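Any value given below was found using the heavy atoms of this structure, including those in side chains, with hydrogens, waters and symmetry copies removed. A quick note: this is a predicted structure, and the numbers were derived from the prediction, not measured.
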There are 2 protein chains.
Amino acid sequence: MKKWFPVVSGITAGFLAATVFFADFNVGSKTVAVDPAKKSNAEKVYVPFGEKDEYYLFASGGHSGQMFIYGVPSMRHIRTVPVFSQDSATGYGWDEHTKELMGGYTWGDLHHPAFSETNGDYDGKWMFATDVGNSRAAVMGLDSFTVRDIISVPNTSGPHCAAFVTENTEYIFLPTRFAVPLGSEYASLDEYSEKYRGVMSAVSFDETTEKLGVAWQVALPPWSYDLSDAGKGMSKDWAVLTTYNTEEATTNLEINASQADRDYIVLFNWKELEKMVADGQFDEVNGQKIIFPEKHKGSIYLIPVAKSPHGVDVTPDGKRFIASGKLAPAMTVFSFEKAFAAIGNKDFSGERNGIPVLNYESVMEREVNPENALGPLHTQFDDKGMAYTTMFISSEVVKWDPNTGETLDRVAVQYSPGHSVAAEGDTMSPDGKYLVALNKIAKDSYLSVGPSHPESMQLIDISGKMEVIQSAPVNPEPHYAQMIKADKIKTFTVYPKDENRPNSVWKQEDTRIERIGDEVHVYGIAMRSKFIFDAKSQRPDVIEVNEGDNVVLHLTNIDLDQDITHGFAINMHDINIEVQPGQTNTLKFKADKAGTYPLYCTNFCSALHQEMTGYLLVKPKQ
Amino acid sequence: MKKWFPVVSGITAGFLAATVFFADFNVGSKTVAVDPAKKSNAEKVYVPFGEKDEYYLFASGGHSGQMFIYGVPSMRHIRTVPVFSQDSATGYGWDEHTKELMGGYTWGDLHHPAFSETNGDYDGKWMFATDVGNSRAAVMGLDSFTVRDIISVPNTSGPHCAAFVTENTEYIFLPTRFAVPLGSEYASLDEYSEKYRGVMSAVSFDETTEKLGVAWQVALPPWSYDLSDAGKGMSKDWAVLTTYNTEEATTNLEINASQADRDYIVLFNWKELEKMVADGQFDEVNGQKIIFPEKHKGSIYLIPVAKSPHGVDVTPDGKRFIASGKLAPAMTVFSFEKAFAAIGNKDFSGERNGIPVLNYESVMEREVNPENALGPLHTQFDDKGMAYTTMFISSEVVKWDPNTGETLDRVAVQYSPGHSVAAEGDTMSPDGKYLVALNKIAKDSYLSVGPSHPESMQLIDISGKMEVIQSAPVNPEPHYAQMIKADKIKTFTVYPKDENRPNSVWKQEDTRIERIGDEVHVYGIAMRSKFIFDAKSQRPDVIEVNEGDNVVLHLTNIDLDQDITHGFAINMHDINIEVQPGQTNTLKFKADKAGTYPLYCTNFCSALHQEMTGYLLVKPKQ
């Protein structure tokens with residue numbers, strides 16, 4: 001025990017245990033003084049109309065299933081972009097295209113977002129994210145802030161330890177938080193160690209087809225994989241993951257997964273694994289190429305680390321990785337160079353589950369224990385290579401020097417930060433300047449909205465002495481975020497007028513309603529300020545069908561002006577889709593209720609928006 | 001024509017038409033100078049940590065189906081509260097209680113929010129709202145910011161012209177935007193004038209049972225009803241609605257509903273209507289008591305008004321009402337006193353659809369036409385009784401004196417404001433100080449998020465010369481908002497420990513899993529940092545069932561600490577519920593997939609949140 005807690009002597013073990021296990025986050029009893037942001041900070045965060053924020057912040061929306069876009073430094077919530085959950089505000093999940101993307105699910109648990117990278121720098125093209133709830137991965141195109149693909153990841157359960165992206169977006173790695181039998185087959189928990197696995201998937205992304213795919217998988221031991229990072233520069237072919245529950249407990253993990261003094265960092269060389277797969281060193285299970293480390297040896301190593309680490313973060317220069325032991329008050333700095341040497345020298349202390357364990361002493365550079373700092377979770381970096389670690393239990397961010405371990409600065413945050421994100425923080429050249437603490441507990445920070453609280457994001461000026469300069473409430477629940485220079489993202493705002501697009505209609509005279517058996521195909525137009533489903537009809541904005549018909553509506557927004565969105569809803573039909581300027585969307589529904597139902601544009605589009613209506617008439621069966 | 005456009009002489013009719021019908025909101029061509037908010041405004045909107053906003057802003061979320069809560073003056077988005085649409089962030093729509101509230105719908109189009117009132121003042125107890133998409137009404141309790149009841153409103157379609165609340169919340173009136181045959185029966189649009197109706201519902205709310213109910217309805221003519229307001233003080237028994245499409249057009253409303261120079265204000269006395277119902281002067285249709293004005297005479301009157309008015313707003317003193325003719329550049333000030341006299345004198349110019357039309361000249365006080373101000377939509381008031389009207393087409397807010405018609409001030413907003421909301425603006429005693437313009441078009445106001453833009457809310461300091469001091473992006477799409485003094489709302493944050501609550505479990509030893517046939521009832525506990533479904537089991541955090549079983553999980557969060565929420569998700573089951581501190585929720589699902597599925601807490605709850613997991617094991621059928 002002592003080894004891992006060298007500076008906790010002033011704190012009784014009882015207090016530590018109580019804090020960790022039973023912490024009630026009681027604000028009143030905090031001893032760390034709150035440093036209130038001062039009025040003088042107002043100008044630092046104020047972005048007047050006519051100017052724009054300097055950075056985009058992409059915060060994962062957790063069990064909201066969405067991505068939250070904020071501007072920095074204003075910390076204004078610009079937009080919620082739907083990814084894994086339905087979003088009637090944008091019709092996401094109602095039109096046929098997005099319904100298909102969602103694959104039958106209505107929500108997701110969006111965890112760690114990751115920008116695509118070129119040469120270890122965010123390139124502003126794509127954003128990846130995972131769904132811990134329903135084991136999926138998604139990619140969003142940053143030209144339109146829309147999801148392009150979502151895949152289910154077979155053999156896995158809860159890709160929490162993701163997404164992390166390699167230096168040139170060769171792979172997005174998806175290790176999992178939960179172990180399951182391959183294919184989620186039924187197997188008793190008595191057979192946990194034999195039959196369960198924590199599978200890591202190497203997902204690739206094809207920029208041309210805009211499709212994600214599982215390239216290969218690794219059947220890691222039945223442990224929980226928490227967070228991860230890809231190497232950079234000298235370590236670019238490598239990646240690191242944290243583990244917990246290496247005890248392989250099957251119940252009451254609160255106690256049983258916190259028994260061993262040490263868990264492991266998994267260190268692997270993905271280039272070599274890729275080669276192993278090319279050489280046929282894998283088994284095929286449920287259609288996937290899976291490497292079993294105990295059988296297909298090499299390229300994967302374990303490094304002991306302070307118990308139940310949360311984050312592991314590679315320094316911008318790619319030379320070190322820092323693990324934060326959430327149940328130990330210690331950050332541990334490891335050296336890639338030392339690790340490579342240990343691997344070369346087979347400097348192993350043994351093996352676990354068929355994987356060699358590197359000698360801790362041979363790989364570790366230093367243990368860092370800022371005084372009274374408790375619950376280190378995740379580390380970010382500034383432009384000088386200095387480290388910023390969130391302390392969940394002592395509710396603060398600690399700045400320290402990875403070269404010396406020296407504590408340089410600390411600032412209280414309110415309360416219990418999980419992750420933090422620095423400007424361009426996961427690149428090879430962080431910007432410094434700003435850090436945002438993603439706090440798990442808001443308590444009474446904002447006007448109360450009852451029992452279900454907002455989370456809290458706090459903007460910290462890190463250009464000098466750290467100071468919290470803005471506190472922003474946020475919907476549940478950001479688990480991580482990335483911050484990118486605004487000028488790296490190039491969007492379009494109007495879809496091109498593509499007359500060859502299937503089912504699109506651009507001229508009023510081409511609108512039509514066609515019947516094929518009991519299918520009614522509507523080729524319609526939305527424009528300021530009317531719907532035209534059949535220009536030749538007495539009432540061009542009316543769709544009349546028979547009870548029981550299947551209706552397929554193709555709707556094109558022919559207003560090619562920025563910000564002129566049209567919606568389409570049918571009263572009492574639980575339907576709302578949207579068409580952005582120049583976009584065509586398809587809606588299918590069964591007209592199973594005879595009656596008269598107004599239809600209307602749901603997105604305010606012009607002074608005559610209220611007049612943009614029509615009717616769905618469903619003739620009763622005779 | 002001349003009569004309605006007295007000051008538009010400088011604007012050609014062609015320009016006006018072009019602006020109204022084909023406006024492309026092209027920013028570049030705007031002649032109104034943008035007055036950029038200045039750095040000096042930063043301090044006016046900055047609320048440092050440790051302080052709180054002065055007002056809550058409740059903005060309707062439109063087709064998002066939700067309510068957005070902002071703080072003023074910071075304009076920070078504090079929380080999205082689910083009302084009509086599913087929200088996995090809070091489990092809304094997944095647990096049995098909220099699923100039942102949603103009544104089989106997954107989304108709604110949340111329009112005009114309205115606080116409950118006592119003596120014409122917001123009392124901070126309840127918030128009402130309507131669903132234009134699926135014809136419903138909802139009430140939210142402001143002690144917890146949770147929905148307490150949602151009702152479907154029979155015989156109606158799209159309660160857009162709502163909700164407005166009488167002086168002591170006797171009724172919430174729900175007139176509709178769309179006309180349909182009663183009961184949404186099928187009827188040809190050729191029979192529109194005979195068979196269609198625009199029904200207004202008088203909805204009452206029982207504070208004790210927390211239930212909404214339709215007290216009675218009025219079968220108004222088949223027109224569109226747009227906005228409304230209840231009287232105050234001397235006019236407290238009365239209410240006013242705007243109408244459009246009094247032409248009774250059945251197609252292409254953009255043109256056909258804009259033919260007549262005049263539409264109407266509907267003025268009615270709800271106390272008298274209530275008495276008529278008590279006296280049996282109604283017909284019963286589809287289980288509702290409906291007054292047909294052409295048959296059950298009295299208490300309802302029409303007043304001609306400039307064509308296609310949007311808003312109608314009662315002045316804080318209750319003496320006047322102001323209608324904004326969206327297709328005429330005029331606000332018209334009417335006098336309740338004059339209207340009452342005209343009614344007393346039967347000073348009618350005729351009748352429409354069996355309803356007497358009051359003489360315009362007898363009721364109108366003045367027409368107000370600020371120079372070049374186009375597209376007046378909605379009026380709010382300050383503490384001195386001055387009026388603030390949003391101008392959709394000329395993108396500005398105009399301050400003017402209802403007593404004289406004099407223009408006092410104007411400020412450009414970006415762009416195309418629909419509604420605006422003043423601090424305590426719909427009460428008998430507005431606060432002045434702040435006005436928020438709810439702008440329909442953001443264009444390039446914020447960092448681009450692609451084709452689908454945020455809307456924009458701009459905070460205007462109205463304490464002196466009007467000045468835009470903050471611009472806040474907002475998710476689609478606020479249609480109206482109300483702003484209440486923060487200290488009027490008293491929330492609780494922890495549900496009381498009620499040991500008699502059905503299905504709740506508070507002690508570990510009371511947890512249990514009971515089988516009744518193929519139903520498995522789980523009485524479980526969520527607590528930091530574990531689930532306990534059956535404390536006596538070898539693995540208390542595991543639920544094992546047979547394929548095909550119906551599982552009923554009752555989960556109680558026994559952590560009675562503020563902001564300690566637990567979630568509950570099952571991997572690959574599209575399920576997420578939440579339990580707030582002290583709350584019990586019930587989840588039902590069919591275990592129809594044999595296999596091994598991790599379950600876990602989705603809401604970060606403690607340092608050992610990651611360990612708060614278990615398994616659902618579904619044994620395959622033999």
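Contact of A:I69 with chain B is made through the side chain alone, with heavy-atom distances under 4.5 Å. With a 4.5 angstrom heavy-atom cutoff, B:T613 touches chain A only via side-chain atoms. For A:T250, the parts sitting under 4.5 Å from any heavy atom of chain B are the backbone and the side chain alike. In this structure, chain B has a heavy atom under 4.5 Å from the side chain of A:S85, while its backbone stays farther away. Neither the backbone nor the side chain of B:D87 comes within contact range of chain A; no heavy atom of the residue lies under 4.5 Å from a heavy atom of that chain. Of the atoms belonging to B:Q583, not a single heavy atom falls under 4.5 Å from chain A. Contact annotation for A:Y615: only side-chain heavy atoms (C-beta onward) come within less than 4.5 Å of a heavy atom of chain B. Contact annotation for A:V45: only side-chain heavy atoms (C-beta onward) come within less than 4.5 Å of a heavy atom of chain B. Of the two parts of A:D559, neither the backbone nor the side chain holds a non-hydrogen atom closer than 4.5 Å to a non-hydrogen atom of chain B. Using a 4.5 Å cut-off between heavy atoms, A:I570 touches chain B through its backbone atoms (N, CA, C, O) alone. In this structure, chain A has heavy atoms under 4.5 Å from both the backbone and the side chain of B:Q610.
Less than 6.0 angstrom separates the ring centroid of A:F604 from the ring centroid of B:F392. Between A:Y46 and B:Y46, the distance from one ring center to the other does not fall under 6.0 angstrom.
The shortest non-hydrogen separation linking A:Y186 to B:V618 is CD1-O, 3.4 Å. A:N571 and B:G158 make their closest contact through ND2-N, 3.6 Å (heavy atoms, listed as atom of the first residue, atom of the second, distance). Residues A:T565 and B:P451 come closest through the heavy atom pair OG1-O, 4.4 Å. In terms of heavy atoms, B:E477 sits closest to A:T602 at OE1-O, 3.2 Å.
With A:E254 contributing its side chain and B:S529 its backbone, the two residues share a donor-acceptor pair below 3.5 Å.
Of the listed residues (B:E547, B:M572, B:Q580, B:R539), the greatest number of heavy-atom pairs within a distance under 4.5 Å of chain A belongs to B:R539. No other option in A:T146, A:T90, A:V81, A:D226 has as many heavy-atom pairs under 4.5 Å with chain B as A:D226.
For B:E611 and A:K326, the salt-bridge test passes: some basic side-chain N is under 4.0 Å from an acidic carboxylate O.
The number of heavy atoms from other shown groups lying within 6.0 Å of NZ (A:K52) is above 12.
Within the 4.5 Å cutoff, the side chain of A:H453 has no heavy atoms near those of the B:P581 side chain.
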